[in-house]
Amino acid sequence: MKKSTKPILNIEDGCIKCTSNTCNTCGSGITRAENTHLLSRRTFGHTMLAASAGMFLAGCNRSKLAPVAEAVSKTDSAAAAVAGGSQIVTVPKGPILTVLSEFYKMGPGPSSSHTMGPMRITYDFYQRLIKLPEDQLKRATGLKVHLFGSLSATGKGHGTDRASLAGLLGKSPAECPPQFLDDLAANPDKSYKLTLGPKTLDLTLKDIIFDETKGNFHHPNTMTCELLAGTEKIYELEYYSVGGGFIEWKGYQIPEKGQPKYPYEHANELKKYLIDDKIPLGKLLLENELAISGKGEKEIWEFLDQVAEVMIRGVETGLTVESVLPGPIKLQSKAAEMQRNLKNTNKGEAGKAITRVASYGFAMGEENARGHIIVTAPTAGSAGIIPAVLKSLRDLKTPVEKIREGFLAAAAIGYLCKHNATLSGAEGGCQAEVGVGSSMGAAMIAQALGEGPKVVSNAAESALEHHLGMTCDPVAGYVQVPCIERCAYGAVKAWTAYCIASEENPEERRVDLDTTISAMALTAREMNSKYKETSEGGLAVSVVLC
Ligand code: SF4
């Protein structure tokens, strides 16, 4: 390797950014690996100083900072800061810029990357096709979609082909009726007509091709979509399902965003606006959304109302359909039976309330397993929680404006967890999916029922706290066991957390939301990889399917 030609004048400043393995500019003869070690220790020192300051300011004399300091010592940044008044040590990343449409994504379950992403991709391709000039469309004889990498390797079990065909046929991921997706699955040889301007094409599931599983792909989840005239490709585009339902394509540019009116990275910064400056949470989040997304208020409310309708439709469908869920587990659905039995139950008030909320969670979790349309909140596996909370708030006749505010509060909790920890089971276990979903649900209930910011924050903290350490170990790799029942529990725990937070003195809660999010990040980092969506540990290896 060539020596660095850039002189580094100051070890304290320059070596922080040095990436050379052999550079000896610093004069110490240390390699980058050693250098990193030194930097970590330096970062560790800064961390300890900052943390001590935070403890001092917070009036706390506990000295057990080592695990948290260690958690940040592996970062490259030299700048550690103390968040709010707590002893949490964090590395600033800049303000949260996530917007609602990135967070609440609508599309078919059970996998945001293997079904929702592909359907969003083919629907995007369909929208491009209908804008092509007539003379180009006139020549078309067929359409083909090629699935590569992981989409090809595991797409069959997930239903990637039918989700892809539905989008290609012009079905919007947010509005596709469940019957249409079921029809595609039940009739694999059926031909569907697609009219593109002057041309009508016949498409079947065979037009979705499970192609190479291994290769030098730009992304592990790569797809190509082609409009053909015989063997000639009239129009084609390569796409990537990059996770969480997000999609990109060859030449994709990250859309520019505005800056938030009220920048924050942590709950304690957010609380300052709400408590010190007395800005209502709904107003603050809406104004940030307007500033970052560049959208109008009407568009934002319409989007949230659509999210609510998709969720309610999913719960109501799930409460009426009874079936064995797809896949090798042969899991019998429960939601409809739970709902039916509610009419003649002797469980008393508490039993009835819990059964009702749990049945809503089951209903949407089962819809996800059926591959029907869901909303990520925050993920597909945890998609039953917020719909269950929403349905129970609707049962209470909560006004639509309060429900919208509830959605905003829930999103804010999700943003904080995404920014400061993770939302991915593969990275943090189920605490990051169902734990965050339950925390969002607790905040949504508190906000929609008119509680102040401290109760909203405490409710979210409580729900998350009691999911810390929860592993991701789906049986047979299907988002069914334990995922569906976990959605039911997540919704019930959201209500429990709200009930506790709204009854206690909010000032007396000893654990704040930032602390618990930080604990989740730490737990995620230390969790054995067997428990991170690999199906190599826990329930996944203990349950015997026969
Ligand atoms: S167990 Fe894993 S796949 Fe299932 S909901 Fe939890 S994180 Fe998602």
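Ligands are counted one by one from 1 in listed order, and the atoms in each one are counted from 1 as well.
Residue Glu533: no N/O/S atom is found under 2.8 Å from atom 8 (Fe) of ligand 1.
Looking from atom 4 (Fe) of ligand 1 to the surrounding protein, the closest heavy atom is Cys483 SG, 2.3 Å. Taking atom 1 (S) of ligand 1 as the reference point, the nearest protein heavy-atom neighbour is Arg486 NH1, 3.6 Å. Glu433 OE1, 2.5 Å is the protein heavy atom nearest to atom 8 (Fe) of ligand 1.
For ligand 1 and Gly381, the ligand atoms under 4.0 Å from any heavy atom of the residue are 5 (S). Heavy-atom proximity to Cys472, at under 4.0 Å, picks out these atoms of ligand 1: 1 (S), 2 (Fe), 3 (S), 7 (S). Annotation for ligand 1: atoms under 4.0 Å from non-hydrogen atoms of Cys430 are 1 (S), 5 (S), 6 (Fe), 7 (S).
In this structure, Lys171 fails the cation-pi test against Tyr123, since its NZ or CZ atom is not both closer than 6.0 Å to the six-membered ring centre and inside 45 degrees of the ring normal. Figure legend: cation-pi geometry between Lys156 and Phe210, with NZ or CZ positioned under 6.0 Å from the six-membered ring centre and within 45° of its axis.
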Inset, instruction - May I have the step-by-step check of ring-ring contact (aromatic ring centres under 6.0 Å, His included) for Tyr240 and Phe217, ending in yes or no? - result: CA-CA 10 Å; Tyr240 319 106; Phe217 311 121; over 10 Å; no
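Pro260 approaches Pro95 most closely through the heavy-atom pair CG-CB, 4.0 Å.
Looking at Ser150 and His114, their side chains do bring a donor and an acceptor atom within 3.5 Å of each other.
Residues Phe148 and Met223 form no side-chain contact, since every pair of their non-hydrogen atoms from C-beta on lies 4.5 Å or further apart.
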